[in-house]
There are 2 protein chains.
Amino acid sequence: MSLKREHCNVEGTLREAGLSQTARRVAVLTVMIQADGPLSAGDILKRTDPEQKINKVTIYRILSSFRENRIIRELPTDQGMNLYEMSCRHNPSHPHFYCKTCRTMSCLPPVNLSQAQESFAGQNVFRIDDVHVHVTGVCRQCHRQDKI
Amino acid sequence: MSLKREHCNVEGTLREAGLSQTARRVAVLTVMIQADGPLSAGDILKRTDPEQKINKVTIYRILSSFRENRIIRELPTDQGMNLYEMSCRHNPSHPHFYCKTCRTMSCLPPVNLSQAQESFAGQNVFRIDDVHVHVTGVCRQCHRQDKI
DNA sequence: AAATAAATTGCAATCGAGTTGCATTTTATA
DNA sequence: TATAAAATGCAACTCGATTGCAATTTATTT
């Protein structure tokens, strides 16, 4: 599920999202496009040019703007932190495998949930402890109350 | 997906898990069994008898021991905190719906992922923004390296 | 029932991911 | 080039969760 570098043009992606082309945003988006798996805010900070000395607050704010514009997806982990991955047409939504031991999240091919256990056996998966489907959106109640 | 109170005997559950029967554990497990949806550590604290004055650290340690013994499941949220629900035979693993507006997590009936969008339409779901499948376990690499 | 070791709990301090306020800098537009 | 709006850095802070250690409670034996 790794991204090809010729995919997801940096400048075009920012322009389409209506985000101005700042050196910071270009740096973060370049890291995201070149990543071969979900990254944490700290991972992203480490992978940007040290010369730029990007502040962690800036990383979080850029990630928020990317998430709001659907450029990236946010993946909460069992360890209380978020990982991020590209959300372009070359990287559609898919299951993830989180290893509790090495605390690494890797991508899995999309399959039917009922077939998950067998299907994932061919991946870098030794043992499956839990398959969790998490749906996010807005409930009817909130919609009725015009909270959105 | 709410639990019947006659299900999941408190004393038996603790005994089978090899956990000693302390007043704190009984209180927390009783709250979990009677809950009609996932609860946060704070929720659980609020629902225990104020007379007991349980420390929040104790709540977290009890939740950890319950999780390790598969008595409960831990559900990470988009807001960086965890929710908990019973993980007994009366409450098998199932999808959850998290409303970004009211920040409430509710349970959904188990279905095939490919049918999720249509199936969830009948629930208390106005709009689905994301369906995330999260698989947890141990990867082959960690197993080979005898980290577990 | 009393004694004992092991397990549990409370308290204070701490951790760490993520956020906020505000001053400064950079970008986009005129 | 000037200007307003947006983005960034810095410091302080929030809050869920964790750690160390002393005090208490539990389970077990005498």
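Per chain, numbering begins at 1; letters A, B, ... match sequence-line order.
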Using a cutoff of under 3.5 Å, can you pull out all pairs of nitrogen or oxygen atoms linking the protein to nucleotides 15-23 of chain C, with atom names and distances?
{"unit_1": "C:dG18", "atom_1": "OP1", "unit_2": "A:Asn82", "atom_2": "N", "d": "2.8"}
{"unit_1": "C:dG18", "atom_1": "OP1", "unit_2": "A:Asn82", "atom_2": "ND2", "d": "3.2"}
{"unit_1": "C:dG18", "atom_1": "OP2", "unit_2": "A:Tyr60", "atom_2": "OH", "d": "2.8"}
{"unit_1": "C:dG18", "atom_1": "N7", "unit_2": "A:Lys56", "atom_2": "NZ", "d": "3.3"}
{"unit_1": "C:dG18", "atom_1": "O6", "unit_2": "A:Lys56", "atom_2": "NZ", "d": "2.9"}

Report, one pair per line, the protein and nucleotides 1-5 of chain C atoms (nitrogen or oxygen only) whose separation is under 3.5 Å.
none

Strictly under 3.5 Å: I want the nitrogen or oxygen pairs between protein and nucleotides 23-30 of chain D, one per line.
{"unit_1": "D:dA27", "atom_1": "OP1", "unit_2": "B:Gln21", "atom_2": "N", "d": "3.2"}

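Side-chain nitrogen and oxygen atoms of B:Asn55 include none within less than 4.0 Å of the OP1 or OP2 phosphate oxygen of C:dT9.
Between D:dA7, D:dC10, C:dG10, one nucleotide has an atom nearer to the side chain of B:Arg24 than all others, and that is C:dG10.
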Verdict with reasoning, B:Asn55 to B:Tyr60, per side chain to side chain contact (heavy atoms under 4.5 Å, CB included): CA-CA 9 Å; B:Asn55 193 277; B:Tyr60 282 116; over 6 Å; no
Go through A:Arg67 and A:Ser87 one step at a time and tell me if the side chain to side chain contact (heavy atoms under 4.5 Å, CB included) criterion holds. CA-CA 9 Å; A:Arg67 179 171 40 74; A:Ser87 177; over 6 Å; no
Go through the steps for A:Asp43 and A:Ser40 under the test side chain to side chain donor-acceptor pair (under 3.5 Å), then give the verdict. CA-CA 5 Å; A:Asp43 292 334; A:Ser40 68; 3.1 Å; yes
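To the nearest 0.5 angstrom, A:Ile62 atom CD1 is 9.5 Å from A:Leu29 atom CG. To the nearest 0.5 angstrom, A:Thr13 atom OG1 is 5.0 Å from A:Ile33 atom CD1. Annotation: the span from A:Cys8 atom SG to A:Met86 atom CE amounts to 4.0 Å, rounded to 0.5 Å. Rounding to the nearest 0.5 angstrom, the gap separating the CE atom in B:Met32 from the CD atom in B:Gln34 is 11.5 Å. In this structure, CG in A:Leu63 is found 4.5 Å from CD1 in A:Ile44, a value given to the nearest 0.5 Å. The distance from atom CG of A:Leu83 to atom OG1 of A:Thr77, rounded to the nearest 0.5 Å, is 5.5 Å.
For the pair B:His96/B:Glu85, a side-chain contact is recorded, criterion being any heavy-atom separation below 4.5 Å from C-beta on. Between B:Tyr84 and B:Leu75, every side-chain heavy-atom pair lies at or beyond the 4.5 Å cut-off.
Here C:dT26 presents its P atom at 12 Å from NZ of A:Lys53, a figure rounded to the nearest Å. The CD1-C1' distance, from A:Ile62 to D:dA7, rounds to 8 Å in whole Å. Atom CD of A:Gln52 and atom C1' of C:dT25 are 15 Å apart (whole Å). Between the CZ atom of B:Arg25 and the P atom of C:dA7 there is a distance of 11 Å, rounded to whole Å. Across the protein-nucleic acid pair, B:Phe66 atom CZ and C:dT8 atom P stand 11 Å apart, rounded to whole Å. Atom CG in B:Leu63 sits roughly 14 Å away from atom P in D:dG16 (whole-Å rounding).
Applying the side chain to side chain donor-acceptor pair (under 3.5 Å) criterion to B:Asp49, with sequence neighbours excluded, gives no partner residue.
Between its opening and closing five pairs, the helix from C:dA1-D:dT30 to C:dA30-D:dT1 changes axis direction by 30°, a value rounded to 10 degrees.
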Under 3.5 Å, which donor-acceptor pairs link side chains of residues 16-27 of chain A to any protein atom two or more places apart or in another chain?
{"unit_1": "A:Ser20", "atom_1": "OG", "unit_2": "A:Arg25", "atom_2": "NH1", "d": "3.0"}
{"unit_1": "A:Gln21", "atom_1": "NE2", "unit_2": "A:Glu11", "atom_2": "O", "d": "3.0"}
{"unit_1": "A:Thr22", "atom_1": "OG1", "unit_2": "A:Arg25", "atom_2": "N", "d": "3.1"}
{"unit_1": "A:Arg24", "atom_1": "NH1", "unit_2": "A:Gln52", "atom_2": "OE1", "d": "2.9"}
{"unit_1": "A:Arg24", "atom_1": "NH2", "unit_2": "A:Gln52", "atom_2": "O", "d": "3.3"}
{"unit_1": "A:Arg25", "atom_1": "NH1", "unit_2": "A:Ser20", "atom_2": "O", "d": "3.0"}

